[in-house]
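Worksheet: one structure, shown below.
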Number of protein chains: 2
Amino acid sequence: MPRNREQNELMRSQRTEQILAASLKLFARRGLSATKISDIAAETGMSQGLIYHYYSSKEEIYTEIIKDAFRRLNEAVTILKNIQLPPEEKIKKAFEGLLINLEKSDDSARYHYLVAQASVSDAIPEGAKKTIMENRDYPYQIMEEIIREGQEQGTIKKYDPNQMSVIFWTTIKGLAFHRAVLGNRFKAPSADILMEMFI
Amino acid sequence: MPRNREQNELMRSQRTEQILAASLKLFARRGLSATKISDIAAETGMSQGLIYHYYSSKEEIYTEIIKDAFRRLNEAVTILKNIQLPPEEKIKKAFEGLLINLEKSDDSARYHYLVAQASVSDAIPEGAKKTIMENRDYPYQIMEEIIREGQEQGTIKKYDPNQMSVIFWTTIKGLAFHRAVLGNRFKAPSADILMEMFI
DNA sequence: GTCTATATCCAGATAGAC
DNA sequence: GTCTATCTGGATATAGAC
């Protein structure tokens with residue numbers, strides 16, 4: 001009994017989802033080059049050959065995941081930028097949202113950590129490198145703008161806004177790290193502690 | 001003209017130094033498995049064969065570097081533990097010392113970042129894994145003790161000391177990350193911003 | 001779409017000359 | 001101690017059957 005077009009597309013998207021999810025997990029834990037296609041196959045329960053039916057190389061999978069990571073991050077950052085709240089509350093909301101995600105979602109921490117790793121490494125595919133170059137400054141810029149605005153209004157401490165933005169994001173990356181080490185034993189710290197640096 | 005024993009030992013230690021330095025740089029940037037022995041050879045200017053004269057495998061080099069990293073870190077932490085200063089000033093000194101090192105020394109950031117990476121990865125040699133397991137809690141414990149003491153004396157803010165210790169170290173790791181990305185364009189933030197969380 | 005079998009290539013490690 | 005040449009294993013990617 002032949003499948004129709006919708007069924008085929010559904011299957012295809014399910015398969016690619018599985019591959020991407022398994023690969024994210026493995027790449028975050030072992031890195032690109034220590035992750036074997038056979039690992040991805042084992043993790044998804046597919047054969048090695050079948051992986052190649054959907055992606056032409058390990059690098060292509062990796063690049064796809066990096067793009068996904070920035071899609072998610074940029075979306076969240078843009079929402080933050082546009083939301084109607086005073087600057088100091090934006091920062092609080094951002095911390096809280098990020099920390100909650102970090103605590104409850106394995107994948108959230110994995111994305112953060114993978115991007116961090118990929119940003120440092122020069123042993124990554126060209127496509128991934130390009131995506132990183134094009135996107136990496138955006139979150140820092142937006143946070144810096146928010147901080148500047150708050151400082152003008154007198155609600156945010158008057159340290160160098162660029163430094164403060166760097167601290168905001170490196171704190172998150174550091175915690176994502178820690179989460180990656182501890183797995184779901186990780187308990188996110190209170191956002192209040194972090195907010196002491198800003199208000 | 002034959003060399004005497006001291007000259008041989010000097011040469012040996014110079015060679016191993018070179019290999020370790022080059023490997024630290026490469027491992028931090030690309031990870032263990034993406035770093036080839038031929039890369040290390042090229043970076044040191046030695047032949048591939050010569051590397052094997054000093055180390056029996058890539059894993060052995062890696063394990064050695066991880067041990068070095070903890071030797072240095074533990075030494076610094078122990079000094080901090082024993083130095084005669086009130087708790088809040090210990091924390092300040094610790095931040096300042098770590099930030100200055102991060103800014104001026106490539107290797108300092110590399111060690112931090114490499115340990116972070118190694119702590120997450122399960123694709124590392126057994127020996128390295130063991131070293132990490134045995135040492136990773138020590139810095140967190142000491143910092144937590146210092147914080148507890150300061151809280152009893154009323155000089156440090158009264159958030160959960162365990163969370164505060166985690167934040168202390170993850171902040172450093174996050175900044176080491178950032179340093180690894182930016183290289184020597186990195187400008188360390190003021191320790192005062194970070195101290196806002198503690199005093 | 002999916003699997004098994006296989007070709008190819010490349011990195012790790014060794015051998016042996018100097 | 002150092003180099004070049006080589007062996008070997010394992011991972012990527014392909015081919016072809018079902």
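- Rounded to an integer number of Å, the gap from OH of Tyr52(B) to P of dA13(C) is 4 Å.
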Walk me through it: do Asp68(B) and Tyr111(B) pass the test side-chain contact (heavy atoms from CB on, under 4.5 Å)?
CA-CA 9 Å; Asp68(B) 266 348; Tyr111(B) 277 121; 4.0 Å; yes

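- Within the 4.0 angstrom heavy-atom criterion, no nucleotide atom of any strand lies near Ser33(A).
- Following rounding to the nearest Å, Asp39(B) (CG) and dA11(C) (P) show an atom-to-atom distance of 8 Å.
- Contact annotation: Lys58(A) reaches the phosphate of dT12(D) (side-chain N/O to OP1 or OP2, under 4.0 Å).
- Between the CG atom of Leu10(B) and the C1' atom of dG1(D) there is a distance of 14 Å, given to the nearest Å.
- When atom types are taken as modelled, the side chain of Lys157(A) and the backbone of Ile199(A) share a donor-acceptor pair closer than 3.5 angstrom.
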Criterion side-chain contact (heavy atoms from CB on, under 4.5 Å) on Gln18(B) and Met46(B), from CA distance to verdict
CA-CA 10 Å; Gln18(B) 286 175 59; Met46(B) 302 177 199; 3.6 Å; yes

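- Atom C1' of nucleotide dG1(D) and atom CZ of Arg12(B) are separated by 10 Å, given to the nearest angstrom.
- The NZ-C1' distance, from Lys36(B) to dG10(D), rounds to 16 Å in whole Å.
- In this structure, Lys25(B) does not pair ionically with Asp107(B), as no charged nitrogen and carboxylate oxygen lie closer than 4.0 Å.
- Counting to the nearest Å, the C1' atom of dA13(C) and the CD atom of Glu60(B) are 13 Å from each other.
- Just one residue in the list Tyr159(B), Phe95(B), Tyr140(B) forms a ring pair (Phe, Tyr, Trp, His ring centres under 6.0 Å) with Phe168(B), and that residue is Phe95(B).
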Distances for protein N or O near nucleotides 2-4 of chain C N or O, under 3.5 Å:
{"residue": "dT2(C)", "atom": "OP1", "partner": "Arg15(A)", "partner atom": "NE", "Å": "3.3"}
{"residue": "dT2(C)", "atom": "OP1", "partner": "Arg15(A)", "partner atom": "NH2", "Å": "2.9"}
{"residue": "dT2(C)", "atom": "OP2", "partner": "Arg15(A)", "partner atom": "NE", "Å": "3.3"}
{"residue": "dT2(C)", "atom": "OP2", "partner": "Tyr54(A)", "partner atom": "OH", "Å": "2.7"}
{"residue": "dC3(C)", "atom": "OP2", "partner": "Ser47(A)", "partner atom": "N", "Å": "3.0"}
{"residue": "dC3(C)", "atom": "OP2", "partner": "Ser47(A)", "partner atom": "OG", "Å": "2.9"}

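- Spacing between atom CD of Glu9(B) and atom C1' of dG1(D) amounts to 15 Å, rounded to whole angstrom units.
- No more than 12 heavy atoms of other residues, nucleotides or ligands lie within 6.0 Å of NZ in Lys93(A), so this atom counts as exposed by the packing criterion.
- The distance from atom CD1 of Ile37(A) to atom C1' of dC9(C) is 16 Å, rounded to the nearest whole Å.
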